[in-house]
Chemist: 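Submitted below is the structure of interest, expressed as structure tokens.
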Amino acid sequence: MGMATKNGNQKLHKKFGDEEVTLPKSEPQDAPVETHDQGTTQKKKKRKRKGKGNAELIDPSTQNTATEVVTGPKSNGTSKPQLNVIPQPESGSKPTETQPKSKKQKISTKKIQKPTVKTVTFFSDDEEERDTRGRGADTPEGLHARARELLEVRKTLPVYKAKDEVMSHLSKNKVTILIGETGSGKSTQIPQFLMPINKKGIAVTQPRRVAAINLASRVSEEAGSKLGDKVGYSVRFDNKSHHYTKLKYLTDGMLLREIMMDGDLAQYSTVIIDEAHERTVLTDLLMGFLKQLLAKRDDLKVIIMSATLDAERFSKFYDGAEILFVEGRMYKVDRLYIDQPSEDIVDSTIKAIVQVNNGELEGDILVFLPGQEEIDKCVNLLERIAPELPKEAPYIVPLPLYASLPPAEQAKVFVPLKARKRKVILATNIAETSVTVPGVRYVIDSGLRKVKVWRHQLGLSTLLTAPVSKASATQRAGRAGREREGKAFRLYTENDYTKLPLQTEPEISRSNVTSPVLMLKRAGVDDILNWPWLENPGQDSLVSALTQLYHLKALDDNGKITELGIQMAILPLEPQLSAILLTAHKSGCLSAAVDIVSCLSVDNLVLNPQAENRDEVNEKRSNLCVLGTKYGDLLMVKELLDFYTQFENSQERKQWCKELALSYRGFKNVIKVRNQIRQYMISLTKDKHLFDEDDEKNNTLDIPSVLKAFLSGYVSNTAIGMPDRSYRTTTSGQLISIHPSSLVFGKKVDAIMYNDYVYTTKGYARNVSVIELSWLQEVGAHVLAPKESVN
DNA sequence: GAGCACTGC
């Protein structure tokens with residue numbers, strides 16, 4: 001059938017009405033699903049059950065039962081079942097959906113109430129909104145009353161019930177791997193259990209700012225103290241902790257900075273790495289540092305908290321550390337597969353949405369799609385077909401959700417709808433971990449995601465659409481079972497599912513590791529290749545990072561970190577950008593360089609205009625930015641920032657941003673970043689007055705100096721204009737095109753420098769500036785072989 | 001003449 005998305009809505013609707021729709025196949029359930037067989041299910045064939053039947057489909061962890069914690073042999077003395085190793089998945093079965101426990105381990109099967117863990121939304125990342133809540137209850141009496149209230153809730157958490165066993169284990173071991181699923185309460189309770197017995201502080205890391213802030217605020221309430229006193233947090237731009245704070249939630253990046261300042265982490269007696277299974281570059285690095293530190297410090301305890309999958313790997317990494325398992329509290333989620341996947345993901349998504357809407361009980365639908373393009377297409381189609389769908393079914397309201405969407409648009413997914421309406425949230429991976437949408441009962445999973453892959457041989461990155469891992473598919477499905485039983489409809493076959501990789505490839509093995517390597521050097525690691533990497537990025541990748549750092553003069557001929565390198569590591573920037581600032585300082589154009597670098601550190605600042613007013617916006621930008629038009633995009637953001645700061649009030653700023661398709665929120669972040677960088681530069685140079693004469697300096701902007709400073713960081717990101725108007729890179733001679741979003745697009749110049757080299761339909765240079773050929777020799781002779789670079 | 005997931009200091 002392969003219905004094209006270009007079809008009109010009438011036709012589309014008709015096709016859904018007839019019996020061509022065969023997806024997704026649904027398994028008969030024990031639970032009442034009266035409405036399920038409306039309309040489109042006649043053609044369904046019963047799926048063949050394997051072996052143990054229906055139960056095998058269901059992730060045991062999502063059963064609504066509470067289970068006792070099971071610990072390793074050392075916590076013996078009871079007749080409770082034990083577990084210290086995660087069993088290998090049976091071959092041919094569904095490994096990621098098999099939990100390391102047997103039926104007999106369940107000690108209780110009573111139904112649980114609504115999960116009590118506070119829903120974490122991304123809103124509170126904005127301190128303006130966060131500070132307005134929770135006021136007035138700050139009296140000691142009020143805090144204690146609230147804590148007593150919360151204690152009753154805490155006692156129902158699986159991990160609370162196992163407190164004694166967990167504690168007895170933790171007191172005997174230096175390293176523990178603790179597996180706890182969603183709803184177990186591990187992130188809030190375990191650190192609190194430890195507070196009375198820790199002499200020094202407890203650090204708990206999180207991959208995301210919002211999570212650190214929300215956990216700290218919850219736990220502080222539970223502990224009956226004011227946020228920032230006994231329990232606090234520390235994230236970039238926001239610190240609510242004191243030297244006497246006993247329990248500190250921080251982002252993993254923050255703990256890494258602390259390691260660079262104090263390699264022994266002397267202020268902590270326990271470090272907990274939470275969400276270790278996400279395998280971000282930073283958590284991976286932390287785990288390596290901790291391994292080294294454990295050999296040095298006898299009084300340090302380390303707890304690695306994770307979802308199930310990486311437990312054995314973590315255990316091996318920490319010399320066979322024991323694994324504790326805590327049952328989560330999620331509701332049952334049935335997984336259903338398609339039998340004939342379509343080539344067109346938008347097509348099969350729309351069909352699945354319509355069928356779920358027609359056939360399933362009330363509850364919102366969360367759809368996982370790879371990117372903005374697919375999401376926007378689906379939203380448009382759904383808006384058109386919604387009025388044509390059967391009147392018996394709820395009216396569907398499509399809502400997009402992705403990171404570059406303005407905050408007000410994102411907020412719509414949290415607003416409840418009136419009766420007879422059903423939210424269909426079409427989201428990227430943002431909804432897999434970062435944003436939790438309430439009310440979701442059905443998940444539709446395309447099985448796809450976008451992944452950025454760094455190719456160090458070419459010095460470029462590509463953004464690919466790729467299948468998710470089993471772990472990711474399980475996580476996505478779990479989003480349907482947070483409030484009650486749910487269903488996950490997978491837009492791929494069960495056979496395809498079995499072929500998916502077990503886990504997502506760790507980020508570090510597909511990333512540019514220049515910055516991690518500089519951090520290691522700063523922390524005193526000499527032998528980068530043989531450092532205890534949880535995942536070694538590979539020799540090629542490491543050598544390319546070391547070479548890059550050498551070119552940036554962060555490392556000397558012996559591979560030792562230089563004074564410059566130490567300063568670069570301190571700045572909260574990529575090494576290239578740090579190098580640029582230090583060069584700019586020498587050449588007297590620091591202020592302008594800081595402005596530009598701040599803009600470059602903020603994502604989605606200069607937005608893609610909508611298609612209908614694209615030409616108009618582009619023209620406005622180029623008329624406004626005289627220097628940008630002549631010298632390129634670095635000068636453009638400098639000009640834009642100057643305009644932005646000249647406005648009197650935020651209303652004018654907002655309006656101006658809107659007209660030029662710029663992000664107001666982005667500029668607010670630029671100002672924060674700029675302040676932070678200025679502070680760092682002041683402390684590095686010990687010159688308090690470094691930025692005092694800012695206004696005068698703007699009047700005498702030395703453009704060649706600024707561009708040469710940037711060239712010092714981006715020597716290898718340069719290309720030469722050819723007679724046929726194409727450009728070839730100075731490093732490998734590859735063909736490269738100026739991205740049409742650049743102000744330099746369509747111009748013929750001698751040479752260009754760019755910040756990003758991205759391969760999509762072809763190799764594109766993004767964020768392009770005009771440079772002179774002579775500068776390449778002047779600034780980049782030590783990197784570029786003369787014969788290759790200019791001919 | 002493109003169109004890009006997510007996160008962190």
Side-chain angles (χ1 to χ4, degrees), chain A residues 122 125 205-212 234-239 250-261 275 278-286 368-377 401-405 427-435 446 448-453 461-466 468 472 504 507-508 510-511 515-516 518-519 522 568-575 577-578 597-598 601-604 606-611 614-615 618 661 669 672-673 676-677 679-680 737-742 745-746 756 758-768:
Chain A
F122 59 94
D125 195 16
T205 70
Q206 294 292 322
R208 282 168 292 278
R209 294 162 47 92
V210 192
S234 170
V235 301
R236 191 184 191 184
F237 305 129
D238 196 2
N239 176 27
L250 26 58
T251 44
D252 35 26
M254 274 308 220
L255 190 64
L256 272 171
R257 292 199 84 77
E258 291 189 4
I259 285 174
M260 283 196 288
M261 300 303 157
E275 312 285 4
E278 288 193 24
R279 303 295 308 275
T280 69
V281 171
L282 300 180
T283 42
D284 266 28
L285 289 175
L286 278 176
F368 285 100
L369 288 166
Q372 184 178 343
E373 190 186 352
E374 294 84 358
I375 290 172
D376 289 345
K377 270 188 194 167
L401 179 64
Y402 43 81
S404 62
L405 210 59
T428 59
N429 244 356
I430 194 172
E432 198 177 299
T433 47
S434 304
V435 176
S446 66
L448 299 170
R449 61 165 185 151
K450 286 206 168 166
V451 58
K452 194 173 186 178
V453 179
S461 60
T462 52
L463 200 65
L464 307 167
T465 301
V468 297
S472 198
T504 308
E507 195 186 3
I508 202 160
R510 51 183 166 81
S511 299
S515 190
L518 181 61
M519 281 187 206
R522 172 67 182 80
M568 285 166 58
I570 288 167
L571 289 165
L573 295 165
E574 283 169 21
L577 294 177
S578 301
V597 163
S598 303
S601 331
V602 170
D603 286 334
N604 300 317
V606 181
L607 306 167
N608 297 323
Q610 296 289 314
R614 187 182 61 194
D615 291 344
N618 283 343
N669 282 330
K672 278 189 194 172
V673 173
Q676 192 188 33
I677 293 174
Q679 288 309 312
Y680 273 114
S737 308
I738 297 176
H739 197 272
S741 64
S742 168
F745 176 76
D756 298 311
V758 179
Y759 197 93
T760 51
T761 48
K762 52 180 174 174
Y764 281 108
R766 301 190 72 227
N767 218 328
V768 181

Chemist: Can you see which heavy atom on A/E507 is nearest to which on A/S511, and at what distance?
Modeler: O-OG, 2.6 Å
Chemist: Tell me the interatomic distance from A/R209, atom CZ, to B/dC6, atom P, rounded to whole angstroms.
Modeler: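 Result: 16 Å.
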Chemist: Could you walk me through whether A/V758 and A/L463 pass side-chain contact (heavy atoms from CB on, under 4.5 Å), step by step?
Modeler: CA-CA 8 Å; A/V758 179; A/L463 200 65; 5.7 Å; no
Chemist: Return no unless some side-chain N or O of A/T251 is found under 4.0 Å from OP1 or OP2 of B/dC9.
Modeler: yes
Chemist: Closest-nucleotide mapping onto DNA chain B: is A/L573 or A/V451 further toward the 5' terminus? I mean the 5' end.
Modeler: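 This one resolves to A/V451.
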Chemist: Regarding A/R614, tell me which of base, sugar-phosphate or nothing describes its non-hydrogen contacts under 4.0 Å with the strands shown.
Modeler: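 The answer is base, as A/R614 lies within the cut-off (heavy atoms under 4.0 Å) of a base atom.
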Chemist: Classify the nucleic acid contact of A/P609 as base, sugar-phosphate or nothing, counting any heavy atom under 4.0 Å across all strands shown.
Modeler: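 Result for A/P609 = base.
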Chemist: Under 4.0 Å, counting only non-hydrogen atoms across every strand here, what does A/N429 touch: a base, just sugar-phosphate, or nothing?
Modeler: nothing
Chemist: What is the distance, rounded to the nearest whole Å, between atom NZ of A/K672 and atom C1' of B/dC9?
Modeler: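 It is 14 Å, rounded to the nearest whole Å.
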Chemist: Using a heavy-atom cut-off of under 4.0 Å over every strand shown, decide if A/R208 touches base, sugar-phosphate, or nothing.
Modeler: sugar-phosphate
Chemist: Report the C-alpha distance between A/M260 and A/L518 in whole Å, list the side-chain angles of each, state the deciding distance to 0.1 Å, and finish with yes or no for side-chain contact (heavy atoms from CB on, under 4.5 Å).
Modeler: CA-CA 11 Å; A/M260 283 196 288; A/L518 181 61; over 6 Å; no
Chemist: Counting distance only, does the side-chain N/O of A/Q679 pair as donor-acceptor with the main-chain N or O of A/Q676 below 3.5 Å?
Modeler: no
Chemist: For A/E432, answer base if it contacts any base atom (sugar-phosphate contacts may also be present), sugar-phosphate if it contacts only those atoms, and nothing otherwise; contact means non-hydrogen atoms under 4.0 Å.
Modeler: nothing
Chemist: Does some side-chain heavy atom of A/R449 sit less than 4.5 Å from a side-chain heavy atom of A/T504?
Modeler: yes
Chemist: For A/M261 and B/dC9, give me the distance from atom CE to atom P, rounded to whole Å.
Modeler: 14 Å
Chemist: Rounded to whole angstroms, how far apart are CD on A/E373 and P on B/dA5?
Modeler: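 Checked: the CD to P distance equals 9 Å.
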Chemist: In this structure, how many angstroms lie between the P atom of B/dT7 and the CZ atom of A/R510, rounded?
Modeler: 14 Å
Chemist: Between B/dA2, B/dC9, B/dC4, which nucleotide has the shortest distance from any of its atoms to the side chain of A/Y764?
Modeler: B/dA2
Chemist: Round to a whole Å and report the spacing from CG of A/L256 to P of B/dT7.
Modeler: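 That distance rounds to 18 Å.
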Chemist: Once you apply a heavy-atom cut-off of 4.0 Å, does A/D603 come out as touching a base, just sugar-phosphate, or nothing?
Modeler: base
Chemist: Expressed in angstrom and rounded to an integer, what is the separation of A/L518 atom CG from B/dG8 atom C1'?
Modeler: 15 Å
Chemist: For the side chain of A/P572, starting at C-beta, report the closest nucleotide among B/dG1, B/dC9, B/dA5.
Modeler: B/dC9
Chemist: Checking all strands, does A/S737 fall into the base, sugar-phosphate, or nothing category for heavy-atom contacts under 4.0 angstrom?
Modeler: nothing
Chemist: Can you tell me if the side-chain N/O atoms of A/T428 get under 4.0 Å from OP1 or OP2 in B/dC6?
Modeler: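 So the side-chain polar atoms of A/T428 do come within 4.0 Å of the phosphate oxygens OP1 or OP2 of B/dC6, strictly under.
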Chemist: Taking atom types as modelled, find out whether A/T283 and A/E275 have a side-chain donor-acceptor pair closer than 3.5 angstrom.
Modeler: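 Checked: A/T283/A/E275 side chains show no N/O donor-acceptor pair below 3.5 Å.
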Chemist: From the options B/dG1, B/dC6, B/dC9, select the nucleotide whose nearest atom is closest to the side chain of A/P740.
Modeler: B/dG1
Chemist: Give one of base, sugar-phosphate or nothing for A/I430, where a contact means two heavy atoms less than 4.0 Å apart.
Modeler: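 Touches sugar-phosphate only.
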Chemist: Side chains of A/N618 and A/P609: does their closest heavy-atom pair fall under 4.5 Å?
Modeler: yes
Chemist: With a 4.0 Å limit, can you tell me whether A/S434 has a side-chain N or O closer than that to the phosphate oxygens OP1/OP2 of B/dT7?
Modeler: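 Indeed, a polar side-chain atom of A/S434 lies that close.
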Chemist: Can you find an N or O donor on one side and an acceptor on the other, under 3.5 Å apart, linking the side chain of A/R766 with the base of B/dC4?
Modeler: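 By the distance-only test, yes, there is a pair.
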Chemist: Taking the side chain of A/Y402 as its heavy atoms from C-beta onward, which of B/dG1, B/dC6, B/dA2 lies nearest to it?
Modeler: B/dC6
Chemist: Ignoring backbone atoms, test whether A/Q676 places a side-chain nitrogen or oxygen under 4.0 Å from the OP1 or OP2 oxygen of B/dC9.
Modeler: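 No.
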Chemist: Let me spell it out: for each of A/Y680 and A/N608, pick the nucleotide of DNA chain B with the closest heavy atom. Which residue's pick is nearer the 5' end?
Modeler: A/N608
Chemist: Whole Å only: how far is the NE2 atom of A/H739 from the C1' atom of B/dA2?
Modeler: 4 Å
